[in-house]
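The structure appears below as C-alpha cells.
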Amino acid sequence: MREKISLVCTECESRNYNASKKKGDAERFTARKYCPKCGKYTIHKEGK
C-alpha cells in the first residue's frame, strides 16, 4: 500500500510536487527538484 505525500521546497516553503511512498516508512522523503518559484533546483522534503 502507498500513501500520497506533497513535497515542500526547503527555501521558499511552496508545495510544488506530489509523490507517493510506501506506507509505514519512518524516514521522511526528500528529493532534489526544480522549484518554479525560486527558479532553481532545491531540496524538497515531505510535507505534513
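All values reported here derive from a predicted model rather than from experimental measurement.
With sequence neighbours excluded, no residue forms a salt bridge (charged side-chain N to carboxylate O under 4.0 Å, His left out) with Glu3. Applying the ring-ring contact (aromatic ring centres under 6.0 Å, His included) test to Phe29 and every residue at least two apart in sequence or in another chain returns nothing. With sequence neighbours excluded, the residues that form a side chain to side chain donor-acceptor pair (under 3.5 Å) with Ser20 are Arg2. Residues satisfying the side chain to side chain contact (heavy atoms under 4.5 Å, CB included) criterion with Ser6, sequence neighbours excluded, are Arg15, Asn18. In terms of the salt bridge (charged side-chain N to carboxylate O under 4.0 Å, His left out) criterion, Lys45 has no residue partners (sequence neighbours excluded).
Across Gly47 and Val8, no two heavy atoms sit closer than the pair CA-CG2, 3.8 Å. The heavy-atom pair separating Glu13 from Thr10 by the smallest distance is OE2-O, 3.5 Å.
Clustering of Ile, Leu, Val, Met, Phe, Trp and Tyr by side-chain heavy atoms under 4.5 Å joins Met1 with none of the others.
Looking only at side-chain heavy atoms (C-beta outward), Glu46 and Lys21 come within less than 4.5 Å of each other.
Residue pairs meeting the side chain to side chain donor-acceptor pair (under 3.5 Å) criterion with at least one member in residues 22-40, sequence neighbours excluded: Glu11-Lys40.
Rounded to the nearest 0.5 Å, atoms CG (Asn16) and OG1 (Thr42) are 7.5 Å apart.
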